[in-house]
Amino acid sequence: MSHPVQNFQLMAKPSGSVCNVDCSYCFYLEKEHLYPERKNRWKMDAATLENYVRKHLSAQNHDVVDFIWQGGEPTLLGIDFFREALRLQEQYRGLKQVNNYFQTNGTQIDDEWARFLKAHNFLVGISIDGDRISNDTYRRSRSGKSIFDAVMRGIEALKRHNVEFNTLTVVNDENVKRPLDVYHFLKRIGSRYMQFIPLVERAAAQPDANGLTLIQPDFSGQCDVTEWSVPPKAWGRFMNTLFDYWVTHDVGEVFVMNFEQTLTKMCGQMSACVINETCGTNLIVEANGDVYSCDHFVYPENKLGNVNSDDLLDLVNSPQNREFGQRKRTHISKDCLNCAVRPLCNGGCPKHRFALSSDGKPNKNYLCDGFAIHLHHVVPRMQTLLSLLRSNKTPTAIRKQMKNQHYR
């Protein structure tokens, strides 16, 4: 038996799946079917908020505790909800330091929101898929209208008040064709820390008993990869194009989370759950307090308990969650075991493991070809980059030397 987990991440979805934007590809909007009562009571109530804050602070075994607020769309809760969350954090934190992270579509951010976020040192993540063309493709309002101008107004409000923000970009079948357009746009709007997430979803021909259409990787019924999902090889080429530009123009000035994660892994350290050997330490708490092993696995069979009635350390160390986390290692594709870059991707996210492996088992990552294209391309360059970083060269000198490197 492995040692009990002492440190884990718990992301909150205090508005559940409620959102003012109707992204075509969103895997979370349909979770409303799991909570039909939400139409009338969709906000996290006061008792659940207090139990979440108190138990999260108590369960963490280190001096800094992160509160990650997502959705749905958290701004719909209003500023007073987060004022109360801050009050509770202060009440229960003891000697621990608290950080707050806030993921939003940006459409509701105005000067009042920006002043609040700045005053309390929230790090804001803006979900945006690129310029107007890319963002309008799948990210629209409930009435089908463009939200691009509203997002840009939100970003301008953050900039006026010097709120630190980063960007989260979902790479789909459209924007994958224009990697540098997307990258340069994000730079122009002031993003200096970027995250790119590959979009992969499968839709069942018929909803399941819970009304869910976007399905788990072990689903065996009739289904298809959605039209907006990113093609595997195109994903690899997208990331390579970004890396080649970034490493010769922006390293040290712009931070791309995907590259940082790989570099961290190359240094032999734990990295993001997506590329670690196991998972199960990135839980979520829903608006009513229900706790799940992962926000990509909010299905009834992955519910662990409820923050109002259960101890968080008991949930994260439960046999159910331990098995969920270890399954990433034990149910890896046969093809991965002999792959040179497996230590850097570990078969990717279990959610995407539904392609057929060479032994006929549907446990190979759909994005495998993309991972291979990307990692075989960047690893030699990253080895050089790590060597330069360890020699304490300036970013300017590193960029210049990387431009002069030749790889076979």
Side-chain angles (χ1 to χ4, degrees), residues 11 13 16-19 21-34 70-73 103 105 127-130 134-140 142 144 168-177 182 195-236 238-239 258 272-275 279 282 284 286 292-302 324 327-328 331 333 345 347-356 362-371:
M11 178 184 5
K13 293 181 178 284
S17 60
V18 174
C19 189
V21 175
D22 189 16
C23 298
S24 304
Y25 56 62
C26 182
F27 68 92
Y28 216 82
L29 287 178
E30 70 171 12
K31 302 302 181 184
E32 66 183 3
H33 294 297
L34 297 177
Q70 276 205 4
E73 174 50 41
Q103 189 67 38
N105 59 41
S127 299
I128 186 166
D129 288 353
S134 291
N135 206 67
D136 280 354
T137 302
Y138 297 118
R139 300 181 63 81
R140 289 182 172 268
R142 291 280 178 175
L168 185 155
T169 298
V170 175
V171 182
N172 52 64
D173 68 313
E174 189 282 325
N175 59 5
V176 75
K177 301 169 186 174
V182 172
Q195 178 181 1
F196 297 94
I197 298 179
L199 175 60
V200 179
E201 294 289 352
R202 288 192 306 164
Q206 299 292 332
D208 66 11
N210 298 298
L212 303 181
T213 302
L214 301 178
I215 41 105
Q216 297 204 51
D218 57 2
F219 180 83
S220 57
Q222 185 178 351
C223 62
D224 290 297
V225 175
T226 58
E227 61 184 12
W228 50 74
S229 294
V230 63
K233 292 181 180 179
W235 163 247
F238 178 94
M239 294 306 298
N258 309 66
C273 64
V274 174
I275 60 174
C279 54
N282 291 272
I284 73 120
E286 256 283 350
Y292 293 83
S293 292
C294 172
D295 78 324
H296 287 288
F297 285 84
V298 176
Y299 300 96
E301 53 268 44
N302 297 114
F324 175 87
R327 186 178 172 85
K328 185 179 182 190
H331 286 67
S333 162
C345 77
C349 181
K351 180 185 178 182
H352 302 155
R353 293 183 184 178
F354 54 80
L356 288 179
N363 61 352
K364 185 175 180 178
N365 197 299
Y366 170 80
L367 293 170
C368 180
D369 288 346
F371 287 143

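With R353 contributing its side chain and S333 its backbone, the two residues share no donor-acceptor pair below 3.5 Å. Under a 3.5 Å cut-off, the side chain of N175 and the backbone N or O of V170 do form a donor-acceptor pair. Without hydrogens or angle criteria, T169 side chain to I128 main chain gives a donor-acceptor distance under 3.5 Å. In this structure, S127 contributes its side chain and L168 its backbone to no donor-acceptor pair below 3.5 Å.
Looking only at side-chain heavy atoms (C-beta outward), L367 and V230 come within less than 4.5 Å of each other. In this structure, the side chains of E73 and V21 stay at 4.5 Å or more apart for every pair of heavy atoms. Here the side chains of P350 and C279 are in contact, with some heavy-atom distance below 4.5 Å. Residues F196 and V182 meet the side-chain proximity criterion, which asks for heavy atoms closer than 4.5 Å.
Shortest non-hydrogen contact noted between G130 and N135 is O-CB, 3.9 Å. Between T137 and E174, the shortest heavy-atom distance links the atoms OG1-CG, 3.7 Å. Here the closest heavy-atom approach between residue G16 and residue E286 is recorded as CA-OE1, 3.5 Å.
When only modelled atom types and interatomic distance are considered, D173 and Y25 share no side-chain donor-acceptor pair under 3.5 Å.
One distance of note links NE2 of H352 with SG of C368; it measures 13.5 Å at 0.5 Å rounding. Rounding to the nearest 0.5 Å gives a distance of 12.0 Å between SG of C349 and CD1 of I275. If you take CZ on R140 and CG on D22, they are separated by 11.0 Å, rounding to the nearest 0.5 Å. To the nearest 0.5 Å, atom NZ of residue K13 and atom OH of residue Y292 are 11.5 Å apart. Between Q103 atom CD and N105 atom CG the span is 9.5 Å, to the nearest 0.5 Å. Atom CG of N302 is separated from atom NE2 of H296 by 12.5 Å, given to the nearest 0.5 angstrom.
Using cut-offs of 30° and 60° on the angle between ring planes, the pair F354 and Y366 is parallel. In this pair, W235 and F238 present their aromatic rings parallel. The plane angle is below 30°, not in the 30 to 60° band.
Listed by chain and residue number, Q261 satisfy the side-chain contact (heavy atoms from CB on, under 4.5 Å) test with A272 (two or more places apart in sequence, or in another chain). Under the salt bridge (Lys or Arg N to Asp or Glu O under 4.0 Å) criterion, K328 pairs with no residue, sequence neighbours left out.
Screening residues 223-234 for salt bridge (Lys or Arg N to Asp or Glu O under 4.0 Å) gives no qualifying pairs among residues at least two apart or on separate chains.
When the options D129, L199, V176, N258 are evaluated for a side-chain contact (heavy atoms from CB on, under 4.5 Å) with V171, the one that passes is V176.
Enclosure of atom CD in E301 by more than 12 non-hydrogen atoms of other residues, nucleotides or ligands within 6.0 angstrom is indicated.
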